[in-house]
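Below you'll find the structure, written out as structure tokens, and then a few comments.
Every value quoted in this text rests on a predicted model; they were computed, and no experiment measured them.
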Amino acid sequence: MTSTSPAPSFAARLSRWMPRLAVAPSFALAFAFIYGLIAWNGVLSFSASRLLPNYEFVGWAQYVTLFESERWWVALTNLGIFSVLFIGVGLALGLGLAILLDQKIRAEGALRTIYLYPMALSFIVTGTAWKWILNPGLGLEHLVQQWGWTSFSFDWLVNPDKAIYTVVIAGVWQSAGFVMALFLAGLRGIDDSIIKAAQIDGASLPRIYWRVIIPSLRPVFFSTLLVLAHISIKSFDLVMALTAGGPGFATDVPATFMYAMSFSRGQIGLGAASATVMLCTVAAIVVPYLYSELRGERR
């Protein structure tokens, strides 16, 4: 005879479904307000929307206008310059600070706090502070000239050809401590026996770091690169606080371009098209990473 297990009681079924029921409203709201608005933005990018939404279908016209815009190409160029320098300098500086702190130096806790402090600030605060520091009539240039170097000049903030580099300076200043923390955690997770064995073989400390330790931090490099790339694409608040896209639109990035077109110029359809392009760019970075992570977990 085959025995059948008794059906679960109502209380058992309720206890199994209660967590799902508790999470369902917030999940539904998040799905509606995130993915629903993303879908709506996509619809607007194919419409003739200007000051107000207009659902007249115009096909790829907004995207054609977007890529024919000189300001959009300036924004893309600035994003490329900012991303390459922000990620490259941030990685190098953060790794250098992590290696310095990994030497068990004195006052490590105080130095780690100082390096991490900028990360506690928002990009709005960082941009405002560096706007004061780099202001030719108020900040660094004015201070150095008061000390006697009257020929000193540092007008990058108001120079259209160099203003984007002030955004890089402010961004690296804020993010280097975060990168340092990630690399320091990776360094502290490496077995000391590897370093001791290399030292016994006669390898110098710089050679050990270059040939053994840094290559073993490849997962940290990849994760940090992904985070910094994501931050660089969403650099709206830093640019708005520091330069507001100026002088002129010399420091425009796609995020500020989208905001200006949608809310200042009355070109909602064009702004939606630029936002869709930004979304596709972020997805091109994030999706392969998620795929590789999920594939690794299955293996």
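Looking at S47, its side chain never comes within 3.5 Å of a backbone N or O of E56 through a donor-acceptor pair. For the pair T128 (side chain) and A241 (backbone), a donor-acceptor distance under 3.5 Å is absent. Panel note: side chain E141, backbone F154; a donor-acceptor pair is recorded below 3.5 Å. Of the possible polar contacts, one joining the Q145 side chain to the F152 backbone as a donor-acceptor pair under 3.5 Å is found. With S45 contributing its side chain and G42 its backbone, the two residues share a donor-acceptor pair below 3.5 Å. With hydrogens and angles disregarded, a donor-acceptor distance shorter than 3.5 Å links the side chain of W73 to the backbone of F67.
Checking N78 against T251 by side-chain atom types alone, no donor-acceptor pair falls below 3.5 Å.
Pairs of residues two or more places apart, or lying in two chains, that qualify as salt bridge (charged side-chain N to carboxylate O under 4.0 Å, His left out) and include a residue from residues 241-260 are R71-D252. Among residue pairs with one or both ends in residues 105-126, none qualify as ring-ring contact (aromatic ring centres under 6.0 Å, His included); sequence neighbours excluded. Sorted by first and then second residue, the pairs that involve residues 173-185 and meet side chain to side chain donor-acceptor pair (under 3.5 Å), not counting sequence neighbours, are T126-Q174. Among residues at least two apart or in separate chains, ring-ring contact (aromatic ring centres under 6.0 Å, His included) pairs with a member in residues 260-285 are Y259-F263.
The ring pair (Phe, Tyr, Trp, His ring centres under 6.0 Å) test applied to F57 returns no partner, not counting sequence neighbours. F33 meets the ring pair (Phe, Tyr, Trp, His ring centres under 6.0 Å) test with no other residue; sequence neighbours excluded.
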